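Proteins come first, then strands; the chains are lettered A, B, ... in the order of their sequence lines, and each starts at number 1. For clarity, every value in this text was computed on a predicted model and none was experimentally measured.
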Amino acid sequence: MLVAAVVWLKPAPGWSFRGAGYAQTTSGQSLAIIVNQSNPVENLSLTELRRIFLGERSHWPNGRRITLVIMPPGEPEREAILREVCRMNEKDYNNHFLHGLFTGEVFASPKTLSTPVGVRKFVFNVPGAIGYVRTADVDDSVKVLRIDGLLPGDKDYKIPMQARLAK
Amino acid sequence: MSEKPSDAADRTRNEAVPFTRVLSNLVSRNSYTLLLLLVFSVEVGVGIFVIRDLRTANVEAQRMYVGSVLGLRRIGELQYQAQETRRSTLYALTTNDSNLQVEYADQSREADGRVTDGIREYLEQARIPREVEIGRRLQLDWSAYLRVRDEVLASILEGSTREAVQFDLTGGVPSFERVRQDLEEVKRLYDEQASQRLAIVAGSSHRSVARLIAVLGFTLLFASASIWAIQRSKMMSEVQLAKLQMDFVASVSHELRTPLAVIGSAADNIADGVVEGKEQLTRYGVVIRNQTRQITELVNEILLFASTKEREIRYYRRPVKVQQIVESVMENTSELARASGFVIECHVDPELPYVMADAAALSQCLQNLIVNAVKYSGESRWISVRAALDYAHGRSRKEIRISVQDRGIGIASSELPHVFEPFYRSPAVSASQIHGTGLGLPLAKNIAEAMGGTLSVESELGVGSVFTLHLPVTEKAQFEMAAAAPGLDPLEKS
């Protein structure tokens with residue numbers, strides 16, 4: 001019997017909050033979307049987030065330029081974002097940006113940081129930056145955005161690290 | 001023996017506390033050494049104070065110096081970290097690698113954290129208003145620079161190099177220049193404070209040195225004056241001693257001349273055959289014997305005094321009964337008294353306790369006092385000898401007092417302090433042709449002190465004198481006497 005079902009990995013019972021940061025003690029991790037602490041935005045819809053990560057939005061509501069921070073190809077965080085947010089594979093994503101920059105539909109190419117710590121520090125230093133790290137890599141220096149009103153660890157949070165399994 | 005001159009009426013006591021007496025003797029014998037010791041002690045004491053003063057000043061100077069050096073080092077560190085903050089920010093401009101840019105941003109923020117902490121510490125330790133003012137201004141200027149720096153960093157990381165350079169030129173450069181000037185001013189302030197502190201310490205050190213020189217100079221002068229005074233005093237004493245010795249020689253010569261003249265003329269008469277018959281020869285023999293005995297007694301007295309003075313005599317103190325001593329002396333002097341037509345009244349308390357004394361020496365002492373009384377009784381021909389138990393003057397313990405009183409010529413108050421000095425004879429006594437050596441009373445006094453007692457005198461010119469021998473009553477005497485076999489006479493035992 002083939003039962004196609006989308007199964008979200010259950011948020012682990014061991015979620016704990018360390019200050020404003022998040023830590024997860026089990027294998028069930030999510031990706032946190034982080035912005036600078038000075039950014040007034042608290043919540044984004046998944047659609048808005050997709051537009052941002054595809055370079056289709058250039059400025060935040062406060063007028064700050066949006067700077068997209070991503071990790072290099074092959075990193076699980078990048079794969080998760082492409083899969084869950086951009087819904088593209090690596091090749092399509094690269095093509096999208098090449099085409100967009102050429103046509104002017106995309107305003108700036110993303111900045112690539114090789115480590116989660118680098119991503120976090122970049123976001124800390126740049127007021128208009130937005131990036132993603134595992135929840136375990138979050139600390140007080142950055143702000144975690146709600147996606148469709150949910151924080152990582154909440155039930156039905158839509159950006160898991162691992163793909164949803166189909167049964 | 002000493003003489004009793006006749007002058008103004010007065011009375012005095014010459015009783016001394018043993019410890020005071022010992023101290024007094026020590027001082028009089030070692031005055032030179034003691035004075036030097038005193039000067040040395042004063043010098044050492046003052047030296048310790050001055051050294052302590054200098055040491056305190058030095059410690060203070062070191063503290064101040066260390067404080068200034070640390071302050072300068074701290075400001076140097078602040079300057080370096082401020083430069084590092086700006087340098088790291090500008091390094092981020094030199095690369096397009098976002099990872100490297102983040103590293104430079106990180107270094108810049110670490111350095112600026114150290115500067116911020118340093119400025120806060122400086123403000124916390126600021127004491128004078130100028131320091132506070134500069135510290136607050138530095139804090140404000142640094143914050144202003146950091147705001148610009150953040151914008152510059154953000155622009156660099158966003159990839160807007162031109163924007164970053166623009167921010168730095170318009171905001172970063174002038175604000176950092178203000179910070180640099182503030183830090184220079186802090187450094188200048190430290191320099192000024194260090195110079196002022198060093199000047200204060202130098203002044204303090206100079207004052208201490210001047211004080212030290214002044215104190216040492218004063219001490220040197222004081223020591224020189226003391227040595228001069230001591231030498232002068234010593235010279236005066238030697239002159240006085242020489243005069244006393246000359247007087248003594250003259251007195252002894254005079255005392256010896258009379259009996260020698262008698263002996264000489266008697267011998268001449270016998271040799272010339274003037275003496276006839278056995279009876280006359282016997283009379284001459286008696287004269288010669290008496291005169292010889294007189295000379296012998298005189299010589300013995302001189303030798304005895306000399307030996308007591310040099311502490312050659314060792315007394316054997318044992319429990320003795322005062323009544324027996326007094327009776328013995330009375331018996332020895334009865335012939336002298338009878339020959340001179342004296343009446344001696346003797347009152348001795350028969351219940352007197354034993355005293356620790358050398359019986360022979362104590363007898364000599366009493367005999368001297370009685371002979372002295374006979375010599376200076378003038379026309380009264382009356383002497384009283386009394387022995388009784390009483391409380392010591394100003395003390396709770398008991399003592400035996402043996403007093404010899406006469407109604408003779410008395411002693412002037414000005415002469416009283418000198419009657420116990422060896423060889424001393426007052427001019428009035430010498431003028432009255434009363435012979436003596438000036439050793440009787442000093443000898444008696446030496447003996448009294450050797451027995452643990454004292455000898456005092458009370459006198460009134462023209463009324464008479466009372467010499468009192470004070471002998472302490474000790475538990476030891478009673479204990480030893482009780483321990484001895486009953487019936488034995490302590491005098492016989494000794």
Side-chain angles (χ1 to χ4, degrees), chain A residues 34-41 52-53 55 57-60 62-75 77-78 97 100-101 104 106-133 137-143, chain B residues 81-117 142-172 175-176:
Chain A
I34 55 171
V35 294
N36 190 278
Q37 285 283 8
S38 66
N39 196 325
V41 174
I52 289 172
F53 271 97
R57 271 190 66 176
S58 60
H59 289 83
W60 293 103
N62 64 356
R64 274 278 178 186
R65 192 166 47 235
I66 294 176
T67 305
L68 187 60
V69 191
I70 59 172
M71 295 187 74
E75 293 293 333
E77 291 92 337
R78 178 170 173 136
F97 268 94
L101 286 169
V106 173
F107 299 99
S109 58
K111 299 287 177 186
T112 306
L113 272 298
S114 56
T115 63
V117 175
V119 171
R120 196 177 64 222
K121 285 183 177 176
F122 189 98
V123 172
F124 168 71
N125 278 292
V126 181
I130 182 168
Y132 50 85
V133 290
D137 294 322
V138 173
D139 68 9
D140 292 342
S141 65
V142 292
K143 182 162 77 178
Chain B
Q81 294 298 341
Q83 291 285 357
E84 183 67 12
T85 304
R86 181 166 167 72
R87 200 163 35 237
S88 298
T89 305
L90 296 181
Y91 283 166
L93 272 173
T94 62
T95 180
N96 288 322
D97 184 347
S98 295
N99 292 296
L100 212 49
Q101 286 174 338
V102 167
E103 281 300 313
Y104 285 134
D106 218 20
Q107 287 175 15
S108 178
R109 289 192 181 281
E110 281 178 14
D112 91 51
R114 287 193 282 270
V115 174
T116 306
D117 290 346
W142 183 246
S143 298
Y145 169 72
L146 288 184
R147 280 195 295 275
V148 178
R149 192 279 314 264
D150 287 348
E151 289 298 330
V152 172
L153 271 179
S155 297
I156 293 170
L157 290 170
E158 283 169 353
S160 309
T161 308
R162 184 178 294 176
E163 196 177 270
V165 171
Q166 189 65 27
F167 272 134
D168 190 62
L169 286 176
T170 54
S175 60
F176 191 79

Is any residue of residues 81-99 of chain B within less than 4.5 Å of chain A by heavy atoms, and which ones? B:Ser98, B:Asn99
Report the option among B:Glu151, B:Gln101, B:Arg109 that has the most heavy-atom pairs separated by less than 4.5 Å from atoms of chain A. B:Arg109
Hey, does B:Val102 have a side-chain heavy atom less than 4.5 Å from the side chain of A:Leu113? yes
Of all heavy-atom pairs between A:Asp140 and A:Gln37, which one has the smallest distance, and what is that distance? O-NE2, 2.7 Å
Looking at A:Ser114, A:Gly118, A:Pro127, which one has more heavy-atom pairs under 4.5 Å with chain B than the rest? A:Ser114
Main-chain N/O of A:Ser141 paired to A:Arg120 side chain as donor or acceptor, under 3.5 Å: no
Tell me, side chain or backbone of B:Ser160 under 4.5 Å from chain A's heavy atoms, or both, or neither? side chain
Would you compute the distance between atom CG of B:Asp106 and atom CZ of A:Phe122 and round it to the nearest 0.5 angstrom? 13.5 Å
Could you please spell out the steps behind the side chain to side chain donor-acceptor pair (under 3.5 Å) verdict for A:Ser38 and A:Arg64? CA-CA 10 Å; A:Ser38 66; A:Arg64 274 278 178 186; over 6 Å; no
The single option from A:Asp137, A:Val133, A:Asp139 passing side-chain contact (heavy atoms from CB on, under 4.5 Å) against A:Ile34: A:Val133
Kindly compute the distance separating CG (B:Leu157) from NZ (A:Lys121), expressed to the nearest 0.5 Å. 12.0 Å
